[in-house]
Every structure is written in C-alpha cells, then in structure tokens.
2 protein chains.
Amino acid sequence: MENKEISQAVIGRLPRYFRFLGELKDEGVERISSQELSDIMNVTASQIRQDFNNFGGFGQQGYGYNVEYLYEEIGRILGLDKTHNLIIIGAGNLGQALANYTNFERRGFLFKGIFDCDPTLYGKKIRSMEVKPMEEMEDFVRANEIDMAVLTIPKTGAVEVAGRLARTGIRGIWNFAHVDLNVPERIQVENVHLSDSLMKLAYNINRFENMDLSGFERGSYV
Amino acid sequence: MENKEISQAVIGRLPRYFRFLGELKDEGVERISSQELSDIMNVTASQIRQDFNNFGGFGQQGYGYNVEYLYEEIGRILGLDKTHNLIIIGAGNLGQALANYTNFERRGFLFKGIFDCDPTLYGKKIRSMEVKPMEEMEDFVRANEIDMAVLTIPKTGAVEVAGRLARTGIRGIWNFAHVDLNVPERIQVENVHLSDSLMKLAYNINRFENMDLSGFERGSYV
DNA sequence: TAGATTGTTAATCGATTAACAATC
DNA sequence: TAGATTGTTAATCGATTAACAATC
C-alpha cells in the first residue's frame with residue numbers, strides 16, 4: 001500500500017521523462033545514466049535521481065538506468081498501462097479537434113462519445129462517433145464505463161455540466177472551459193486554460209523587451 | 001527601470017487573478033480585501049498580498065483593493081494593454097479551432113495569418129484568413145509585424161519551423177507540438193503539451209483510487 | 001479617533017541541489 | 001578489483017504562510 005504522497009511538481013515532470021525515454025528507446029538506446037539524461041533534458045542529474053527515487057529506485061549503481069524498463073515503469077506510474085474511456089462534451093472546434101487527434105488513443109485514452117446541446121450537430125459523424133444530445137450523457141457514461149470527460153464547452157455551461165458529471169460517478173474532468181470547477185474531492189480536475197497560457201507568453205515577451213540589455217545580443221538578428 | 005525578476009510561480013497566478021477580478025468588476029463590485037479575494041479564490045490572503053506587492057502595491061491600508069484599478073494593472077503587467085499580431089502554423093484541426101476562437105481577440109491577440117504545407121488547404125478560408133503556403137511565412141511575418149507564432153503542426157516538422165521562425169525575429173512561440181524547441185533566449189516559448197496534461201489527470205485518478213480510503217466517502221455515489 | 005487592512009518582515013515549509021557512502 | 005553511478009542524506013535555495021507595525 002503506497003502511502004507517501006508524491007508532490008505534483010514531480011508528477012508534472014513524469015510525462016516529459018516518459019517522452020524522452022520513449023525517444024531514446026526508439027533510437028535503440030539501452031541504458032542511460034542520470035548524467036546523460038541530464039544533458040539531454042536540461043535538468044539536474046540530482047533531480048532526476050530524486051524524482052525516480054520517489055517510486056523506489058529504478059536504477060543500478062555503476063550501471064545507470066535501463067531505458068526500456070524505466071520507460072515502462074513511468075508509463076505504469078502514470079496509469080498508461082490501463083485504458084481510459086472518455087467522452088467529449090462540446091462538439092465545437094476544439095472538441096472536434098481533440099476527437100480527431102489520434103495520438104491520445106496510442107496512450108490508452110479512448111474517445112467513446114461526443115455530446116453537444118446544439119440540435120443541428122446531432123448525428124454528425126466525428127471519426128467513429130456521432131454527436132449525441134446532452135440529455136443522453138448520463139446514461140451513456142454509466143453504460144460505457146466512462147471514467148473521464150473532456151469539457152470543451154463555453155464557461156457559461158461548464159459549471160452545471162460538471163455538476164451533472166459529478167453525479168454520474170465519473171473520475172476525472174479534463175477542463176478546457178475558462179472557469180474553476182467545484183466538484184467533489186473524488187473527481188480529479190485537470191485544467192487547460194489556453195488564454196492563461198497565452199497571457200503568460202505575452203508577459204514573458206514584454207519582460208524580455210524591458211530587460212536590462214547588458215549581456216544580450218539584441219537587434220540585428222534578421 | 002524594473003529590474004527585480006518576478007518568479008514564474010507568481011506570473012502563473014496572474015491570469016487567474018485577472019479572470020476573477022474581471023468577473024467581480026462585471027458584477028459591479030468596487031472594492032475587495034485580500035481576505036475576501038482569498039475566500040473566493042481559495043488561495044491565502046497572504047499570498048495574494050505578496051503577489052501584488054511584487055509589482056509595488058495596488059492597495060490601501062484599511063480599504064483593500066479597488067477592483068477596477070487592480071484589474072487594469074494586472075492586465076497591464078500581462079501586456080494586455082498592447083495588441084499582439086499572431087500567425088498560426090498548421091491549419092489542421094487544432095490550428096483551425098484556435099483560429100476560430102474569438103476570445104483571444106478580446107484580449108488583444110490578433111490572428112493575422114495561417115500557414116500550412118498541404119497544398120490542398122491553400123486558399124481555404126478560416127475566419128477572415130486564407131491558408132497560405134509555408135514558403136510565404138517569413139515574408140509575411142516581416143511585412144505584418146507578427147510577434148507571436150502558434151505552432152500547431154506535428155512534432156516532426158516543429159523543430160525546423162521553430163528555427164525558421166527564429167530567423168524572422170519573432171518574439172514568442174506558443175508551442176502545441178509535442179517537442180522541446182531549442183530557440184535563442186530572446187524568443188519566449190510557452191508550451192501546451194496536451195498529452196502531458198492528460199497523463200497527469202490519469203495519474204491523479206489512479207492516485208485517488210489507490211489512496212487509503214479512511215475518511216473518504218466512496219462507492220455509492222451513483 | 002478607532003477599526004480595518006495593507007505592505008513588509010520574519011518563520012516555516014517544501015523543493016532543488018550538492019555531496020558522498022553504498023554497491024553494482 | 002577499480003570505476004562508475006546510484007540511492008540517500010545533508011545543505012541550500014526559493015516559495016508560502018504567519019505576524020504585525022504602518023497607515024489609511
């Protein structure tokens with residue numbers, strides 16, 4: 001029984017480790033030391049070892065880490081050894097874009113249904129799914145063992161829909177709506193606030209513009 | 001001349017402050033104390049005051065903060081008082097979805113062009129833009145004072161395109177491609193790695209499932 | 001003026017980095 | 001065995017929270 005809580009800072013780095021290790025694996029690299037990985041990923045070797053050791057040590061002194069084994073283990077930690085059934089709520093541009101993005105499936109995230117409240121969209125085919133009316137959402141979740149919902153509706157409807165989702169027993173919400181959802185603790189929410197991300201970029205551009213110029217070559221880079 | 005560097009932890013919270021303050025403003029709330037804001041936003045009042053004080057104090061003892069003033073100031077810090085000209089590179093589902101999302105414009109982020117390397121898309125109309133061939137990208141950036149590029153192409157092409165962008169003198173890249181971009185320091189990169197976000201959600205769902213159940217009502221919530 | 005609430009300093013907490021003994 | 005490199009403890013750094021004097 002795992003009981004020590006892993007910090008979200010560590011969890012947030014796991015997908016990036018996973019990506020680099022996958023690439024190394026594809027390149028046929030068999031083993032790697034924390035120092036080599038550090039050079040590639042631009043994080044300290046110390047942090048890499050600390051991060052991995054949260055889960056009990058995947059390496060071997062004098063040898064390093066076996067790439068494939070480490071890759072598999074991190075995948076397991078992230079829950080990628082299991083499949084997840086998802087529905088998309090909101091068949092607008094973003095919802096359709098995500099539905100069409102096949103890479104999620106490769107990681108075990110399976111889109112099972114897509115819902116909208118706009119009757120003109122009902123029946124529209126998006127990959128192998130047909131857009132269904134929102135009223136059918138609850139029954140569908142229960143009938144198809146859906147454990148995650150992707151919220152790609154405007155913020156106005158998002159809070160109400162999150163409440164409805166909560167009552168279905170869903171376990172996670174991937175929230176693209178620009179609101180804070182208030183759901184029971186048993187439901188995990190992962191927010192993707194695109195406009196927040198864009199604002200951060202705007203800030204950092206200005207920050208650099210306003211920075212003390214000393215030490216930076218600026219200007220004629222065209 | 002601002003010289004003290006503000007931590008990215010603080011910057012990351014600014015858009016959320018901005019959102020809540022905007023809502024309060026729309027509700028006609030004139031003034032708010034750090035404690036009231038703390039209650040609404042679920043962060044400590046202490047953190048709120050520390051965050052704001054990084055920029056020199058927007059409040060008044062005994063009164064609190066003027067909502068509209070604070071909203072304006074945070075917007076200014078984030079660079080939302082200026083407009084930004086953007087191009088989208090990659091006219092696939094995601095690129096088109098972002099192009100069609102009008103809320104960015106409200107914050108001064110203006111989409112000026114959209115590019116792709118697929119000839120069958122050339123000339124396709126997306127909002128007020130027509131998809132242009134990639135070859136025209138560099139000239140377009142220079143001719144239209146583009147300062148940000150949105151990268152919504154597969155990872156395979158992303159690194160090369162980032163290099164081309166770097167040579168145009170662009171200032172920021174909003175990167176949706178699932179790779180690390182290596183660009184000069186003067187170019188800010190903001191990554192949106194959707195699959196990383198989804199993996200974090202998967203982890204947290206499993207974490208909760210595996211948690212010691214004591215203290216949590218589980219089970220019969222259907 | 002008295003009460004409220006900030007701005008700011010000090011204390012705590014957590015995360016990152018450094019160091020090195022254990023061990024393959 | 002000797003060299004390499006982890007696992008892990010200790011040191012440092014940074015971020016968050018608490019406390020309170022300043023002041024509106």
Side-chain angles (χ1 to χ4, degrees), chain A residues 2-17 20-21 24 29-74 77 200 203-204 207, chain B residues 2-17 20-21 24 29-74 77 200 203-204 207:
Chain A
E2 286 287 323
N3 253 340
K4 48 177 178 184
E5 186 85 4
I6 314 290
S7 86
Q8 290 292 312
V10 174
I11 303 310
R13 286 192 290 267
L14 292 184
R16 187 157 177 268
Y17 289 130
F20 276 86
L21 288 164
L24 287 165
V29 178
E30 261 183 38
R31 71 178 203 74
I32 195 158
S33 70
S34 57
Q35 187 53 57
E36 291 169 305
L37 199 52
S38 157
D39 295 337
I40 299 173
M41 294 187 63
N42 267 311
V43 292
T44 64
S46 200
Q47 180 166 73
I48 290 172
R49 294 202 298 279
Q50 286 280 23
D51 282 351
F52 294 168
N53 260 80
N54 279 296
F55 307 98
F58 300 136
Q60 199 169 66
Q61 281 104 328
Y63 170 84
Y65 300 89
N66 178 284
V67 171
E68 177 140 19
Y69 174 70
L70 189 54
Y71 174 80
E72 295 295 335
E73 282 303 314
I74 293 178
I77 292 164
K200 265 194 281 177
Y203 173 87
N204 282 318
R207 176 186 60 102
Chain B
E2 285 286 325
N3 252 342
K4 47 174 181 185
E5 186 85 5
I6 313 290
S7 86
Q8 290 292 313
V10 174
I11 303 309
R13 286 191 289 267
L14 292 184
R16 188 157 177 268
Y17 289 130
F20 276 86
L21 289 164
L24 287 165
V29 177
E30 261 183 37
R31 71 177 205 74
I32 195 157
S33 69
S34 56
Q35 187 53 57
E36 290 168 305
L37 199 52
S38 156
D39 294 337
I40 299 172
M41 293 186 65
N42 266 312
V43 291
T44 64
S46 200
Q47 180 165 76
I48 290 172
R49 294 202 298 277
Q50 286 280 25
D51 282 352
F52 294 167
N53 260 79
N54 279 295
F55 307 97
F58 301 135
Q60 199 170 66
Q61 281 104 328
Y63 171 85
Y65 300 88
N66 178 285
V67 171
E68 177 141 19
Y69 174 71
L70 188 54
Y71 174 81
E72 295 296 336
E73 283 302 315
I74 293 179
I77 292 165
K200 264 195 282 176
Y203 173 85
N204 282 318
R207 177 186 59 102

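Labels below follow one simple rule: chain letters A, B, ... track the order of the sequence lines, proteins then strands, and each chain is numbered from 1.
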Checklist line | Exam field: side chain A:Q47 to backbone A:T44, donor-acceptor pair closer than 3.5 Å | finding: no
Check: Want to settle it: does A:R31 or B:S46 sit nearer the 5' end of DNA chain D, counting the closest nucleotide to each?
Finding: A:R31
Next item on the list: Round to the nearest Å and state the distance from A:F58 atom CZ to D:dT5 atom C1'.
Entry: 17 Å
Notebook entry, point to check: With respect to B:S33, which candidate in B:R31, B:Q35, B:E36 satisfies the side-chain hydrogen bond (donor to acceptor under 3.5 Å, both in side chains) definition?
Noted result: B:E36
Next item on the list: Let me know the distance between OH of A:Y65 and C1' of D:dA4, rounded to the nearest Å.
Entry: 13 Å
Notebook entry, point to check: For the ring pair (Phe, Tyr, Trp, His ring centres under 6.0 Å) test, which of B:Y17, B:F52, B:F58 pairs with B:Y65?
Noted result: B:F52
Notebook entry, point to check: In Watson-Crick or G-U wobble terms, both distances under 3.5 Å, what is the partner of C:dA19?
Noted result: D:dT8
Note to self: Return the pairing partner of C:dC24 with a 3.5 Å limit on both distances, Watson-Crick or G-U wobble; otherwise return none.
What the structure shows: D:dG3
Next item on the list: Grab the CG-P distance between A:D51 and D:dG7 for me, whole Å please.
Entry: 12 Å
Next item on the list: Figure out the CD1/P separation between A:I48 and D:dT5, and round it to whole Å.
Entry: 13 Å
Notebook entry, point to check: Any donor-acceptor pair under 3.5 Å between the side chain of B:S7 and the base of D:dA15?
Noted result: no
Note to self: Can you tell me if B:Q8 has over 12 outside heavy atoms packed within less than 6.0 Å of its CD?
What the structure shows: yes
Next item on the list: Would you kindly give the CG-to-C1' distance between A:L70 and D:dT6, to the nearest whole Å?
Entry: 13 Å
Notebook entry, point to check: Counting only distance, no hydrogens or angles, is the base of C:dT17 paired donor-acceptor with the side chain of A:Q50 under 3.5 Å?
Noted result: yes
